Amino acid sequence: MSRRIGASLDTALTAEELAEFGTEDFADLVTVDLLDSLLHDGDAHPPAPTARTPVLRRIARRSALDDDVDLPVATGRTHTYPPESEPARALASGQPRLLRVTAPASGRHSALLLPLRARGNILGLAHFLRRATAPPFDDDDLLPAQEGRPRPRTPRWSRS
C-alpha cells in the first residue's frame with residue numbers, strides 16, 4: 001500500500017481518498033467529517049475544538065459492502081456529537097479511540113476514531129468501522145492508521 005493520500009490541496013478529494021483507501025483492506029465502512037468552520041472560513045490555522053462540540057460536515061463515506069447505506073448523517077450534511085460521546089472526546093483530545101460497538105443490529109462491532117490533523121491542528125474526524133465478521137480493531141491498528149498505512153483486517157496467513 002504505497003498509495004499517497006492528500007497529495008492535493010482539495011479537502012473533499014483528500015477525504016474521498018482516505019475513505020477509499022480505508023475500505024480497501026482495513027475497514028468495512030469509513031466516514032470522514034471535517035470542521036464546518038474550516039470549510040467556510042478557509043482558515044489556514046483552524047481553531048482547536050472547544051469544550052463545546054464543534055459543527056462537522058460529512059465530507060466522505062465509503063463502504064466495502066453493498067448494504068452499508070443507512071447512516072444517520074448523509075454526505076454533505078452538518079452535524080454535532082453529544083459532548084460526552086466518544087467522537088467528541090476524540091476531537092477534544094486529539095487522541096484516537098478504539099471502541100466496541102454495542103448496537104448488534106448494526107452488524108458492526110468495532111470502531112476506530114481517528115482525529116485528522118494538519119500542522120498540529122485538528123481538522124476533523126475519520127471513523128473506521130468493522131463488521132462482526134472481521135477481527136476487531138486493536139492497539140496494533142492505531143499507529144498504522146495514523147500514518148496512513150492501515151494494517152489489513154484479515155491475518156496474512158488466512159488470505160488465499
Side-chain angles (χ1 to χ4, degrees), residues 1-36 38-39 46 49 56-79 81 85-91 93-160:
M1 288 190 196
S2 62
R3 189 166 146 201
R4 190 154 179 223
I5 298 171
S8 166
L9 294 177
D10 182 331
T11 55
L13 177 60
T14 299
E16 284 291 335
E17 289 172 347
L18 176 61
E20 181 180 342
F21 185 69
T23 55
E24 285 179 358
D25 201 19
F26 184 65
D28 295 313
L29 176 66
V30 177
T31 62
V32 180
D33 300 331
L34 296 180
L35 296 173
D36 194 51
L38 176 69
L39 298 170
L56 299 161
R57 183 171 298 273
R58 172 89 16 107
I59 298 298
R61 175 210 164 279
R62 182 77 163 214
S63 174
L65 308 169
D66 293 333
D67 60 349
D68 277 329
V69 293
D70 190 23
L71 294 175
V73 179
T75 303
R77 300 292 224 184
T78 58
H79 65 101
Y81 291 107
S85 68
E86 291 298 329
R89 288 181 179 135
L91 276 169
S93 71
Q95 297 299 310
R97 296 203 178 258
L98 292 173
L99 305 173
R100 298 291 176 162
V101 178
T102 58
S106 74
R108 297 176 194 98
H109 73 108
S110 181
L112 188 154
L113 305 179
L114 183 66
L116 302 173
R117 295 176 170 267
R119 297 184 178 145
N121 296 304
I122 295 176
L123 306 177
L125 188 67
H127 288 108
F128 298 90
L129 296 126
R130 285 186 180 163
R131 290 193 167 265
T133 56
F137 289 111
D138 60 30
D139 289 336
D140 290 338
D141 292 307
L142 287 174
L143 184 60
Q146 288 172 301
E147 293 177 348
R149 51 179 186 80
R151 203 171 59 114
R153 67 178 147 218
T154 309
R156 295 185 198 284
W157 52 265
S158 67
R159 301 179 128 202
S160 36

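The shown structure was predicted, so the numbers you read here are calculated from the model rather than taken from an experiment.
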Quiz item: With sequence neighbours excluded, what pairs up with Arg117 under the salt bridge (Lys or Arg N to Asp or Glu O under 4.0 Å) test?
Solution: none
Quiz item: Is a side-chain donor or acceptor of His127 paired with a backbone partner of Leu113 at a separation under 3.5 angstrom?
Solution: no
Self-check item: Exercise: identify the closest heavy-atom pair between Ala111 and Leu129
Solution: CB-CD2, 3.9 Å
Quiz item: Between Ser63 and Leu29, which heavy-atom pair has the shortest distance, and what is it?
Solution: CB-CD1, 4.0 Å
Exercise. Give, for atom CD1 of Ile59 and atom CG of Leu13, the distance between the pair rounded to the nearest 0.5 Å.
Key: 12.0 Å
Quiz item: According to the interplanar angle, ranging from 0 to 90°, do the rings of Phe137 and Phe128 count as parallel (below 30°), tilted (30 to 60°) or perpendicular (above 60°)?
Solution: perpendicular
Exercise. Could you tell me whether the side chain of Leu18 reaches within less than 4.5 Å of the side chain of Leu116, counting heavy atoms only?
Key: yes
Quiz prompt | pair His109-Arg100: side-chain heavy atoms closer than 4.5 Å | solution = yes
Practice problem: Applying side-chain contact (heavy atoms from CB on, under 4.5 Å) between Arg58 and each of Leu34, Val73, Thr78, report the one that passes. | Solution: Val73
Practice problem: Report the distance from atom CG of Leu142 to atom CG of Leu114, rounding to the nearest 0.5 Å. | Solution: 8.5 Å
Quiz prompt | Short side-chain to backbone donor-acceptor contact, Arg130 and Phe26, under 3.5 Å | solution = yes
Practice problem: Any chance you could measure Asp36, atom CG, to Arg77, atom CZ, to the nearest 0.5 Å? | Solution: 12.5 Å
Practice problem: Please list, chain by chain and in numerical order, all residues satisfying side chain to side chain donor-acceptor pair (under 3.5 Å) with Arg89, sequence neighbours excluded. | Solution: Glu84, Glu86
Quiz item: Roughly how far, to the nearest 0.5 Å, is the CD1 atom of Ile122 from the CG atom of Leu35?
Solution: 8.0 Å
Exercise. Please report the shortest heavy-atom distance between Asp141 and Pro136, naming the atom on each side.
Key: OD2-O, 4.2 Å
Practice problem: Only counting residues at least two apart or in another chain, list the ones meeting side chain to side chain donor-acceptor pair (under 3.5 Å) with Arg62. | Solution: none
Quiz item: Is it true that a side-chain atom of Asp33 and a backbone atom of Leu56 form a donor plus acceptor pair closer than 3.5 Å?
Solution: no
Exercise. Kindly give the heavy-atom pair with the smallest separation between Asp28 and Ala134, and that separation in Å.
Key: OD2-CB, 4.3 Å
Quiz item: How far apart are the closest heavy atoms of Ala64 and Ala27, and which atoms are they?
Solution: CB-O, 4.0 Å
Quiz item: Between the main-chain N or O of Gly76 and the side-chain N or O of Arg57, is there a donor-acceptor pair closer than 3.5 Å?
Solution: yes
Self-check item: Considering all heavy atoms, the nearest Val30-Thr23 contact
Solution: CG2-CG2, 3.7 Å
